[in-house]
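For the numbers below, each heavy atom of this structure counts, side chains included, while hydrogens, waters and symmetry mates do not. Chain A is the first sequence line, chain B the second, and so forth, proteins listed ahead of strands; every chain is numbered from 1. For clarity, every value in this text was computed on a predicted model and none was experimentally measured.
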2 protein chains.
Amino acid sequence: MGGFPTVTDVALAAGVSRQTVSNVMNSPGIVRADTRQRVEAAIKELGYRPHASARRLRTRRSSTIGIRLDPMIDGISGSVLDRFLHALTEQADAQGLRVLLFTATSPEDEITQFRRLNDGADVDGFVLTSTFAGDPRTRWLIENGISFVTFGRPWGADDMNDPQHLWVDVDGWSGLHEATRAQQEAGARRIAYIGWPSPSGTGDERRRGWYDAMMERGEVSGEELARLEVVTTDGVSQGTAAMQRLRQQAGLVDGVLCASDSLALGAMIANPERVPVTGYDNTPVAAAVGLSSVDQAVDEVAAGVLELLTGEFGGKVHGAPESDEPRHRLITPRLVVREFAAIPMDVAR
Amino acid sequence: MGGFPTVTDVALAAGVSRQTVSNVMNSPGIVRADTRQRVEAAIKELGYRPHASARRLRTRRSSTIGIRLDPMIDGISGSVLDRFLHALTEQADAQGLRVLLFTATSPEDEITQFRRLNDGADVDGFVLTSTFAGDPRTRWLIENGISFVTFGRPWGADDMNDPQHLWVDVDGWSGLHEATRAQQEAGARRIAYIGWPSPSGTGDERRRGWYDAMMERGEVSGEELARLEVVTTDGVSQGTAAMQRLRQQAGLVDGVLCASDSLALGAMIANPERVPVTGYDNTPVAAAVGLSSVDQAVDEVAAGVLELLTGEFGGKVHGAPESDEPRHRLITPRLVVREFAAIPMDVAR
DNA sequence: AAGAAAAGTTTGATCGATCAAATAAATTCA
DNA sequence: TGAATTTATTTGATCGATCAAACTTTTCTT
């Protein structure tokens, strides 16, 4: 009753030594089968669980990864990060890793948190989301030799092939390329794109997917293609406005692709002809209102992140870049096609 | 270079003993001012940070709270829990508490996780969300003497005043009462309610807020009030359908209140006359499309949860219910009023 | 079957911090 | 001033697990 049982208690009960109990848990292979069974029985009997902190102190490994919970600036699209977080937690659990949250108000503040969590041996590494060009966080982590993986490739001047910067990203080009193709195969010819102003790493990437697919078909002149594109900041009402602008400069189009579900939702509202609209992120809203959308495969992203991260701090020899292993993963997103079922627009008319 | 500095290193540098360094960090009051300054200087100089695991091992306290990351079944409304999680993490951080995530596929699975995290001394307590009538989780936690606080009051047969069950909840009655009042003061008389089928703890509570406010005014007969109510499951398309049904059974109404933003969004779509619609949860979607909504004050909820939780495991004497302290908090939500600005419905016509 | 090698198990030390009790220094009191 | 207190600081033990090395048993050679 004096608290939880310890290795010593188990050892006593099984008639072996502490270390053998430890071995049963950590390297069962080196323990003789019958001894192992005896120990395992004792563990079960006593309901023994290793004390996480004690283990971490001795092994100098926390088996915990830190991730910053974003302030959710971007309402609708923010849910991608949620789904990612969920997938990450689930898969981390499965390999005995814990996920520790923290918040920060700025990149600088986040660096302070990195230091705090790392110095206190709270975490073994970090997962970063929403990277941007010239991100000071990655530089700091590299300089301080702390393991990390980013969800999002290095943008701008940062080297995408820097072996010290591990990353996983979703191939936005491919996502929009496929979405464009899908509309083309359904008979659409004049397909418009509502996107974000350049430069935007992810945004430019997605736009290029649409652009390339359109050029490959070659059914639309360059001049017309220019008219089929509208640029705006993200948001639902911006999407609606963009859709109206599109109407003015290009008339009725055969289909519309958007850089985000927010834009797509907005576009859908100003769309009495029910021109097919495809969004990006496959958020719950898209599912709810029946928008086609490009789904970032967060499960695969999470798996990739964990693989790279554990490879990093599992390989103990920190700083030894085994250059044969790939240092990043580019995930191909999936297009989810939906009917306009959920919004009976004729009711609104 | 041999890793991070320890208390011993600091002690050596400051010319004092380990324990004094420890005292400077944990009970600065008992250290003489000049000694303290010397130690503090050494700490800064060496960049010392206490090793979290070592401390936890010795103190038998993890300073960590566990929370399950919900599977996000309910797309749109799920974001309330996100905002709560964010607020919780932020405020926990401020008091030196960490937030550890886990996932579970069922209440039973969640109990397994409770056991794992508690036995491993990974966490000091739990925060539960989405409680329901006859929740096995709370019973189990109480039986095992594990600290926890729920976001959501005990429903059904469970005792709301059970001193062992600490909870924080948002007063849905008050939220809908205020929302109804607001529409009434703006001149509305026949205000409809689209809600969930009974029994639903939260749902019934919200409905009653509308119902009571309507009765207080007494401008609508009981018979008519019945026609002003539509019941449906949650979801955007259900909201649209409910709105149509409402139209049939009650004609044009002066305003509509909904049990969730999902329903409200749906209702808004089948609403060519732009009758004021008010949702619940104040999700990003509501903000985006310009829906009025009842905002659950997640910051206050988070603060309450932490207060109760730290009071619980801070008070060491576990199981001694200091009955003078309140064992729960009921937070009053805020109504956020918005214009229909974001959806220019005439465009869609 | 004796000696070498391999496999299995145990013992003592250690991770870094805090607790508990002992000692030293400063303060109060008679 | 010297004893009695109070305050400040130090020393040794400990939390629970794993590491490293020593030791014992089994298996393999020749």
Parallel, tilted or perpendicular, as decided by the 30° and 60° cut-offs, for the rings of B/Phe84 and B/Phe151: tilted
Parallel, tilted or perpendicular: ring planes of B/His328 versus B/Trp167, cut at 30 and 60 degrees: parallel
Whether A/Asp162 side chain and A/Gln164 backbone form a donor-acceptor pair below 3.5 Å: yes
Just the rounded figure in Å: distance from [atom2] of [N] to [atom1] of [X].
X	N	atom1	atom2	value
A/Asn26	D/dC19	CG	P	7 Å
B/Leu12	C/dA17	CG	C1'	16 Å
A/Met25	D/dC19	CE	C1'	17 Å
A/Asp122	C/dG16	CG	C1'	14 Å

Residues A/Asp122 and A/Ser62: side-chain donor-acceptor under 3.5 angstrom: no
A/His165-A/Thr150 side chain donor-acceptor pair, cut-off 3.5 Å: yes
Within 6.0 Å of CZ in A/Arg38, more than 12 heavy atoms from elsewhere: yes
With a cut-off of 3.5 Å and sequence neighbours excluded, list every side-chain donor-acceptor pair involving residues 42-54 of chain A.
| from | atom 1 | to | atom 2 | distance (Å) |
| --- | --- | --- | --- | --- |
| A/His51 | ND1 | A/Ser53 | N | 3.3 |
| A/His51 | ND1 | A/Ala54 | N | 3.2 |

Contacts of A/Thr131 that satisfy side chain to side chain donor-acceptor pair (under 3.5 Å) - sequence neighbours left out: none
Contacts of type side chain to side chain donor-acceptor pair (under 3.5 Å), residue A/Ser27, not counting sequence neighbours: none
A/Asp93 and B/Arg116 ion-paired at < 4.0 Å: yes
Contact residues, residues 40-57 of chain B to DNA chain D [heavy atom, < 4.0 Å]: B/Leu57
Terminal axes of the helix from C/dA1-D/dT30 to C/dA30-D/dT1 (five pairs each): angle between them, nearest 10 degrees: 30°
With 3.5 Å as the limit, what N/O pairs link the protein to nucleotides 9-14 of chain D?
| from | atom 1 | to | atom 2 | distance (Å) |
| --- | --- | --- | --- | --- |
| D/dT9 | OP1 | B/Arg32 | NH2 | 3.4 |
| D/dT9 | OP1 | B/Thr35 | OG1 | 2.3 |
| D/dT9 | OP2 | B/Arg32 | N | 3.0 |
| D/dT10 | OP2 | B/Ser17 | N | 2.8 |
| D/dT10 | OP2 | B/Ser17 | OG | 3.0 |
| D/dT10 | OP2 | B/Thr20 | OG1 | 2.7 |
| D/dG12 | N7 | B/Arg18 | NH2 | 3.1 |
| D/dG12 | O6 | B/Arg18 | NH2 | 2.6 |
| D/dA13 | N6 | B/Arg18 | NH2 | 3.3 |
| D/dT14 | O2 | B/Arg58 | NE | 2.8 |

